[in-house]
Amino acid sequence: PTGTVKLYIDGVEFKPTLTIGSNGKVTRTIPYYNLWPEDHTITAYYTPSSPEQFLPSDNAEGDEALLQIVNKADASFEISSDVANPVASQAVKLAVQLTHPTQELVIPTGTVQFFDGEIAISGELPLDMDGFAEMTQVVRLSAGEHSITVRYSGDEYFKSVLNSPVQPVQVAKADTTTEILSALPLEDVVVGQPVTVLVEVSVVAPAVETPAGSVVVSNGDDECTVDELDVYGKGSCDLVATSTGAKTLTATYQESANH
């Protein structure tokens, strides 16, 4: 048969009219924006070029119409951080790029929310016109591995997602510096006399969390322990010398969960 074919999607003509090839077939690609996610009825109406040989026909009657079921797409997620190797309590901003798995022109819309495991670490953020969203406020993570996921609202073309694939973020312990501020009394110390040693432990930028934990103070032969630092990273202990001679004091910070 030769002639032309008109396609109709849900009863609306999908132009232009198609000319049948020499093999009696015709092919037409339907763009995604003409087949949004739902059930669509596609019909074809044939008009012969030789009415004396062929009759017009269509597939609209009975069960012959094509039912095209279009499902929502699964978005692809790429989660990133503005800091490559963060340390505990360092300011970090997370971002996510959503894309269609095969069609780059189909861009996800809607909102996303970042989670660290089961804990929300951001509010709902709108995707921009490129399918991208970034935290508006920083997050400060503890040391260790964090399982970062994104919750996606979905839209007309994309499925909602409760938890995206996990993006692991490894956070290192923050560096510290330890200083002996004072040791009193400074002179005329005798064997067995307590000397109060005041120490301070500071965190190294870009971390900001004040170190917690304990510090061991030593004169080479004897030790005392600052059991707990205060909110400023300071603490003291009484060191008692058990021998005579010149002594050099050292202070060693005992690491904590984040330092």
Side-chain angles (χ1 to χ4, degrees), residues 79-95 113-123 134-150 163 166-259:
I79 300 173
S80 60
S81 168
D82 65 344
V83 180
N85 299 294
V87 297
S89 77
Q90 180 179 359
V92 173
K93 274 190 175 183
L94 299 172
Q113 186 175 19
F114 288 91
F115 283 78
D116 180 5
E118 299 297 322
I119 300 173
I121 54 175
S122 80
E134 183 181 43
M135 283 183 167
T136 55
Q137 297 181 331
V138 300
V139 62
R140 300 182 187 275
L141 301 173
S142 59
E145 184 171 285
H146 295 260
S147 298
I148 304 300
T149 59
V150 166
N163 289 300
V166 171
Q167 175 63 51
V169 174
Q170 187 68 43
V171 179
K173 291 187 175 184
D175 290 329
T176 61
T177 59
T178 304
E179 180 182 3
I180 295 177
L181 299 180
S182 64
L184 299 174
L186 297 176
E187 300 175 350
D188 300 325
V189 178
V190 299
V191 172
Q193 180 181 356
V195 175
T196 300
V197 182
L198 177 63
V199 300
E200 180 180 26
V201 182
S202 303
V203 70
V204 176
V208 296
E209 182 185 59
T210 301
S214 61
V215 178
V216 174
V217 178
S218 173
N219 63 11
D221 299 315
D222 312 292
E223 293 181 349
C224 69
T225 300
V226 179
D227 291 321
E228 186 175 349
L229 297 170
D230 63 19
V231 294
Y232 304 104
K234 296 179 180 180
S236 64
C237 64
D238 292 333
L239 181 62
V240 178
T242 57
S243 61
T244 60
K247 306 291 183 179
T248 299
L249 295 182
T250 61
T252 304
Y253 174 62
Q254 308 301 297
E255 67 177 355
S256 66
N258 286 331
H259 305 90

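Other residues, nucleotides and ligands contribute over 12 non-hydrogen atoms within 6.0 Å of the NZ atom of K93. The number of heavy atoms from other shown groups lying within 6.0 Å of CD (E145) is above 12. Within a 6.0 Å radius of CG in D221, other residues, nucleotides and ligands contribute more than 12 heavy atoms.
Taking OG of S81 as the reference point, atom NE2 of H146 lies at 11.5 Å (rounded to 0.5 Å). Atom OG of S80 and atom CD of E134 lie 7.5 Å apart (nearest 0.5 Å).
Put simply, the side chain of V191 does not reach to within 4.5 Å of the side chain of V240, judged on heavy atoms. Looking at heavy atoms from C-beta onward, M135 lies in side-chain contact with I121 at the 4.5 angstrom threshold. Contact annotation: the side chain of V169 never approaches that of V92 to less than 4.5 Å [non-hydrogen atoms, C-beta and beyond]. At a threshold of 4.5 Å between non-hydrogen side-chain atoms, the residues N219 and L239 count as touching. Annotation: side chain of V199 is not in contact with side chain of E179 (no heavy-atom distance under 4.5 Å). Under the 4.5 Å side-chain criterion, counting only non-hydrogen atoms from C-beta, T196 is not in contact with L198. Using a 4.5 Å cut-off on side-chain heavy atoms (C-beta onward), V83 and Q90 make contact. Contact annotation: the side chain of E223 never approaches that of V217 to less than 4.5 Å [non-hydrogen atoms, C-beta and beyond].
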* Derivation of the side chain to side chain contact (heavy atoms under 4.5 Å, CB included) call for D227 and V215 -> CA-CA 7 Å; D227 291 321; V215 178; over 6 Å; no

* Does the side chain to side chain contact (heavy atoms under 4.5 Å, CB included) test come out yes or no for R140 and V208, once each step is laid out? -> CA-CA 9 Å; R140 300 182 187 275; V208 296; 3.5 Å; yes

* Check the pair V195 / D238 against side chain to side chain contact (heavy atoms under 4.5 Å, CB included), numbers first and verdict last. => CA-CA 5 Å; V195 175; D238 292 333; over 6 Å; no

* Asked: Can you check side chain to side chain contact (heavy atoms under 4.5 Å, CB included) on V203 and T210, steps first, answer last?
  -> CA-CA 6 Å; V203 70; T210 301; over 6 Å; no

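Residues A174 and A207 come closest through the heavy atom pair CB-CB, 3.5 Å. Contact record, A251 with I180: CB-CG1, 3.8 Å, taken as the closest heavy-atom pair. The minimum heavy-atom distance between A212 and S256, with the atom names listed, is O-CB, 3.6 Å. Here the closest non-hydrogen pair linking L229 and G235 is CD2-N, 3.9 Å. Listed here is the closest heavy atom pair of Y253 and T178: CB-OG1, 3.4 Å. In terms of heavy atoms, K173 sits closest to A257 at CE-O, 3.4 Å.
For S202 (side chain) and T177 (main-chain N/O), no donor-acceptor pair under 3.5 Å exists by modelled atom type. Distance alone, capped at 3.5 Å, is enough to place a donor-acceptor pair between the H259 side chain and the E209 backbone. Without hydrogens or angle criteria, D116 side chain to I119 main chain gives no donor-acceptor distance under 3.5 Å. Judged by distance alone, the side chain of S122 and the main-chain N or O of F114 form a donor-acceptor pair under 3.5 Å.
When only modelled atom types and interatomic distance are considered, T242 and D222 share a side-chain donor-acceptor pair under 3.5 Å. For the residue pair S142 and N258, no side-chain donor N or O sits within less than 3.5 Å of a side-chain acceptor on the partner.
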